[in-house]
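Residue indices begin at 1 and follow the sequence shown. Remember, it's 1-based here, ligands and their atoms both numbered in the order they're listed.
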Amino acid sequence: MTTPKKLFIKTYGCQMNVYDSERMAEALGGEGYVETKDAEEADMILLNTCHIREKAAEKVYSELGRIKPLKERNPDLKIGVAGCVAQAEGEEIMRRQPAVDLVVGPQSYHRLPEMEARLREGKKALDTDFPEEDKFDELKARPKAKRAPSAFLTVQEGCDKFCAFCVVPYTRGAEVSRPVSRILEEARALIDRGVREITLLGQNVNAYHGQGADGSEKSLADLIWALSDVDGLERLRFTTSHPNDMQDDLIEAHRDCPKLMPYLHLPVQSGSDKILKRMNRSHTADSYLRLIERIRAARPDILLSGDFIVGFPEETEEDFQATLDLIREVNYGYAYSFKYSTRPGTPAAERAQVDAAEADDRLQRIQALITQQQQAIQQAMVGRDLNVLIEKPGKFDGQMVGKSEYLHAVHIDECKAQIGDILPVRIVEAKRNSLAAVSR
Ligand code: SAH
Ligand code: SF4
Ligand code: F3S
């Protein structure tokens, strides 16, 4: 038997990339690769990249610079770039860093085995097509090995929204939904391997409209109900949603479906109608707030999270204040804020930019407010009885850690529960980034 070749994958960006990296490892597993955590012993290094902000994209080139010398020690080492930088920059990557052997866009991962064969012939390989065939159908099934109790499952990919700041519609292409039957099949296979919680992924997941077994189009809520009938699956989540696609049946599922967790990531980006319009978001601050009211009427304890961009072109102090007002009104359990980053090829890149020091200052102020809200919500969990999906051993002997319904990390000392158990606990303390609990 030949010794297996070693594959090292480094993943940047969103959860969809985490899912894709797993699938790439499986596709190359069929070609005799096993994964390693040590880049120095790898025969192939793949960077699964993110193009969302300039910093994210630049990281890739500095990482490539660090990896390149490994080729001197192992002349057979192949270096590949996958993900959204691969899609956006294509051949340019090989020009900028000639040590790169392979560039593969997110819609072509099922072609990796063929591409790998080319590399072994001493050639380079590039594929940034948006092929007709569905990569998910072509990718090999997951192997049977046991895995962590919480898994991602991509159900929808791409985006047709074209927010003026965003590269995703260009790097991931048009919106596509996978058929219900394929998702159910994949979910059952995950459950056989020990999974109890599935997070359904899509850049615009609540716009899901996949084909059902009867040939008709199904909504995300329909899909959630179908998955909730699968034995052994205990928890469902989904991300990321767009406010404009938050249909009534999905809000009702948050009220009626016990397996759907009370957590919703619903980015709004800004609280100023002028800026929202220029972002091409096609909702207003008020329509968003009214939507939140309806969601909270259906599921009063739901924990909301959001994304914000500060320093978008033409954002004034007044616009920024409107964003802070909206945050105060919603009260987020989690929120992620970013300084606007100019992305070549997007409409906003051409516009007059906000002064960098001013944008930095706004970022600090928004983050202070968000942190304050997050801490208060975490603090309010103390004394509550929650259920924790146990994910792994903690830092200390006898300690286990997992996630509450609300996605808070929870650690339990002297814990007898096993990985994959759902343990009833009482929260006893809120720490900076996690909650402490005792079993009840
Ligand atoms: N599909 C999701 C997530 C897109 S990317 C959605 O529609 O919400 C994740 C977040 O990155 C976005 O919500 C946005 O807040 C941020 N982002 C996207 N483009 C950006 C840019 N050019 N500069 C700064 N932040 C950006
Ligand atoms: Fe980007 Fe999300 Fe807007 Fe689509 S909806 S363009 S992914 S921010
Ligand atoms: Fe980044 Fe691509 Fe995800 S740009 S955020 S890896 S879809």
Exercise. Could you find the nearest protein heavy atom to atom 24 (C) of ligand 1 and give me its residue, atom name and distance?
Key: K339 O, 3.5 Å
Quiz item: Is any side-chain N of the basic residue among K259 and E197 closer than 4.0 Å to the acidic one's carboxylate O?
Solution: no
Quiz item: Between G333 and Q374, what is the shortest heavy-atom contact and its length?
Solution: O-CG, 3.0 Å
Quiz item: What are the two closest non-hydrogen atoms of I198 and A187, and how far apart are they?
Solution: CD1-CB, 3.7 Å
Self-check item: Within reach of ligand 1, part of P267 (heavy-atom separation under 4.0 Å)
Solution: side chain
Quiz item: Quick one: which ligand 1 atoms are inside 4.0 Å of a heavy atom on R53?
Solution: 11 (O), 16 (C), 17 (N), 23 (N), 24 (C), 25 (N), 26 (C)
Quiz item: At what distance, to the nearest 0.5 angstrom, does CD1 of I79 lie from CG of L119?
Solution: 11.0 Å
Quiz item: For K218, does the NZ atom have more than 12 heavy-atom neighbours from other residues, nucleotides or ligands under 6.0 Å away?
Solution: yes
Quiz item: Less than 4.0 Å between a side-chain N and a carboxylate O, is that true for D361 and R365?
Solution: yes
Quiz item: Protein N/O/S atoms under 2.8 Å of atom 3 (Fe) of ligand 3?
Solution: C14 SG
Practice problem: Between I52 and ligand 1, find which residue part has any heavy-atom pair under 4.0 Å and reply side chain, backbone, both or neither. | Solution: both
Quiz item: When rounded to the nearest 0.5 angstrom, what distance separates CD in Q364 from OG in S337?
Solution: 11.0 Å
Self-check item: Aromatic Y109 / basic R23 pairing, under 6.0 angstrom, 45° off normal
Solution: no
Quiz item: Centres of the H254 and F238 rings: under 6.0 Å?
Solution: yes
Practice problem: Give the atoms of ligand 1, by number and element, whose distance to some non-hydrogen atom of T240 is under 4.0 Å. | Solution: 2 (C), 6 (C), 8 (O)
Quiz item: Does the protein put a heavy atom under 4.0 Å from atom 4 (C) of ligand 1?
Solution: no
Practice problem: Quick one: closest heavy-atom pair of Q156 and N204, and the distance? | Solution: OE1-N, 3.0 Å
Quiz prompt | Proximal ligand 1 atoms for Q269, defined as those under 4.0 Å from one of its heavy atoms | solution = 8 (O), 12 (C), 13 (O), 14 (C), 15 (O)
Quiz item: Between the side chains of Q247 and N206, is a donor N or O closer than 3.5 angstrom to an acceptor N or O?
Solution: no
Self-check item: Pair Y340 and F312, ring centroids less than 6.0 Å apart
Solution: yes
Quiz item: Should the proximity of H242 to ligand 1, defined as any heavy atom under 4.0 Å, be assigned to the side chain, the backbone, both, or neither?
Solution: neither
Self-check item: Heavy-atom nearest neighbour of atom 19 (N) of ligand 1 within options Y340, F308, F165
Solution: F165
Practice problem: Decide whether the shortest distance between a heavy atom of I309 and an atom of ligand 1 is less than 4.0 Å. | Solution: yes
Quiz item: Are any of the side-chain nitrogens in R66 or E63 under 4.0 Å away from the carboxylate oxygens of its partner?
Solution: yes
Practice problem: Enumerate the atoms of ligand 2 whose separation from the nearest heavy atom of F165 is less than 4.0 angstrom. | Solution: 8 (S)
Quiz item: How about atom 4 (Fe) of ligand 2, which protein N, O or S atoms come within less than 2.8 Å?
Solution: C159 SG
Quiz item: Considering distance alone, does some N or O of Q203 sit under 3.5 Å from an N or O of ligand 1?
Solution: yes
Quiz item: So, do F308 and F320 have ring centers that fall under 6.0 Å from each other?
Solution: no
Quiz item: So does K161 pair up with D245, basic N to acidic O under 4.0 Å?
Solution: yes
Quiz item: Among the heavy atoms of K161, does any lie under 4.0 Å from an atom of ligand 1?
Solution: no
Exercise. Select one of side chain, backbone, both or neither to describe which atoms of F338 lie under 4.0 Å from any atom of ligand 1, heavy atoms only.
Key: side chain
Quiz item: Out of D307, V167, T346, whose heavy atom is nearest to atom 10 (C) of ligand 1?
Solution: D307
